[in-house]
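The structure appears below as structure tokens.
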Amino acid sequence: MDDAEARYELVISVDARRSGEYDDVDKPRMRARIYRVLEAALTHAKVVRDAVHMEDRGDGVLLSVAGRIAVTRLLGLWMVEVHENLRDENRALRVPLGLRVGMHVGPVRHDGRGISGRAVDLACRLADSPVARQLLDAERADLVLVVSQALYEDVVSSGGKFIEPARYAPARLALKEGEVTAWFHLPGRAAPAIPDGADPGAGDPPSAETSGRSHPQAPGPESGGPQSAGPGTSGRGAQDEGADPDGDEDADEDEDEDEGPGTSGARYTVHGDMSQHRENVYHQPVHIGRTTGDAERRKG
């Protein structure tokens, strides 16, 4: 194939969290860990190496995967293996390594120096987005995956082995090229709560199981929004608590019909068991990859 001809490939951008805080001694060790995590995952997911282009980015790695490899394998099994390998690496570290992974599919051009194209730019911008950075810290996570709207609609939304669309949450991102919708996923966890100040996006909302999940450091009631209601309290319940006890019921009912909790236009309803994951501990059997310990209770 002519190198100047664009190939339709999956682009993966991997960045390390707070790479600027590593000194000259620790940075080579950090880079070695990233490569061990990614390359071992490729092996375990049976992704042949001649189908993968890997390009060093100093504090991360840029990959493109040939179209003959199913995208579902990278989104599913490969991400599970990346997560498991990263957890293994972090067990011996005082400051755990955190990774942000951005994915998009599109035309990619190869030359003697690497790859280029809008698909490459978008994957890199997704991994480097402020929301991805904030989620790693707010959720105390090791890994966050960000996929483009096109990749979510074409692949993720249909599900598959190790691919659970209900565990993704959308947000609008303001990029140099314009606003886009991206979907965020924390492997092994429910759909994340998008940090305050970020537009929750125009995509389909998460399922009822995940839509009420609280931010671990939610602001007080004065900030408004879905965090102002306590755990297990629906938006309707929050309104009822604020009703006038002396009661002009008709007026209150009119207001309830016009306004919901947090008048930004989004409604959040809490359903189901909210105790699946607290303080990085799984309280129900959760399968996220190879079995490495007690299946009843796993620590992240």
Quick one: does any side-chain atom of [X] pair with a main-chain N or O of [Y] as donor and acceptor, under 3.5 Å?
X: H44; Y: A40; value: yes
X: N85; Y: E81; value: yes
X: H185; Y: R167; value: yes
X: N90; Y: L97; value: yes
X: R100; Y: A127; value: yes
X: D111; Y: G114; value: yes

If every non-hydrogen atom of [X] is compared with every non-hydrogen atom of [Y], which pair is closest and at what distance?
X: V71; Y: L151; result: CG1-CD1, 3.9 Å
X: C124; Y: L62; result: SG-CD1, 4.0 Å
X: M30; Y: A16; result: SD-CB, 3.8 Å
X: V47; Y: I69; result: CG1-CG2, 4.3 Å
X: L74; Y: M103; result: O-CE, 4.0 Å
X: A141; Y: R189; result: CA-NH2, 3.6 Å

Given side-chain contact (heavy atoms from CB on, under 4.5 Å), test L175 with L173 step by step and report yes or no. CA-CA 6 Å; L175 306 181; L173 304 179; 4.1 Å; yes
Sole residue of L145, L38, I12, V14 in side-chain contact (heavy atoms from CB on, under 4.5 Å) with V82: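 That would be L38; it is the only one of L145, L38, I12, V14 passing the side-chain contact (heavy atoms from CB on, under 4.5 Å) with V82.
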Once rounded to the nearest 0.5 Å, what's the spacing between atom [atom1] of [X] and atom [atom2] of [Y]?
X: S64; Y: H53; atom1: OG; atom2: NE2; result: 5.5 Å
X: D142; Y: L186; atom1: CG; atom2: CG; result: 10.0 Å
X: D59; Y: R17; atom1: CG; atom2: CZ; result: 13.5 Å
X: W78; Y: T43; atom1: CH2; atom2: OG1; result: 12.0 Å
X: L143; Y: L86; atom1: CG; atom2: CG; result: 6.0 Å
X: S116; Y: D121; atom1: OG; atom2: CG; result: 8.0 Å

Give a yes or no on this: more than 12 heavy atoms of other residues, nucleotides or ligands lie within 6.0 Å of atom CZ of R36.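 Atom CZ in R36 is crowded, with more than 12 foreign heavy atoms closer than 6.0 Å.
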Quick check: is [Y] connected to [X] through a chain of hydrophobic side chains (ILVMFWY, heavy atoms under 4.5 Å apart)?
X: V120; Y: M54; result: no
X: V61; Y: V108; result: no
X: V48; Y: V11; result: no
X: Y168; Y: L99; result: yes

Would you please test H110 and I115 for side-chain contact (heavy atoms from CB on, under 4.5 Å) and show each step? CA-CA 5 Å; H110 293 250; I115 59 175; 3.4 Å; yes
Compile the donor-acceptor pairs under 3.5 Å between side chains in residues 155-162 and protein atoms, sequence neighbours left out, one pair per line.
residue: S157; atom: OG; partner: Y152; partner atom: O; Å: 3.3
residue: S157; atom: OG; partner: E153; partner atom: O; Å: 2.8

Go through it in stages, so that I can follow the logic: the residues are E139 and Q134, the test is side-chain contact (heavy atoms from CB on, under 4.5 Å), and I'd like the CA-CA distance, side-chain angles, deciding distance and then a yes or no. CA-CA 8 Å; E139 299 285 350; Q134 293 165 20; over 6 Å; no
Heavy atoms, side chains only, cut-off 4.5 Å: are L135 and P195 in contact?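 Side-chain contact under 4.5 Å: yes.
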Check: V101 and S13 side chains under 4.5 Å, non-hydrogen atoms: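 The answer is no, as the side chains (C-beta and beyond) never meet within the 4.5 Å cut-off.
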Pair [X] + [Y]: basic N to acidic O under 4.0 Å:
X: D15; Y: R57; value: no
X: E177; Y: R125; value: yes
X: D137; Y: R140; value: no
X: R87; Y: E89; value: no

Pairwise salt bridge (charged side-chain N to carboxylate O under 4.0 Å, His left out) hits with a residue in residues 61-76, at least two apart: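 Sorted result for residues 61-76: D50-R68.
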Apply side-chain contact (heavy atoms from CB on, under 4.5 Å) to residues V147 and F184 and explain how you reach the verdict. CA-CA 7 Å; V147 303; F184 294 81; over 6 Å; no
Would T181 and R172 satisfy side-chain hydrogen bond (donor to acceptor under 3.5 Å, both in side chains), going step by step from the backbone distance to the final call? CA-CA 5 Å; T181 296; R172 293 288 291 175; 2.8 Å; yes
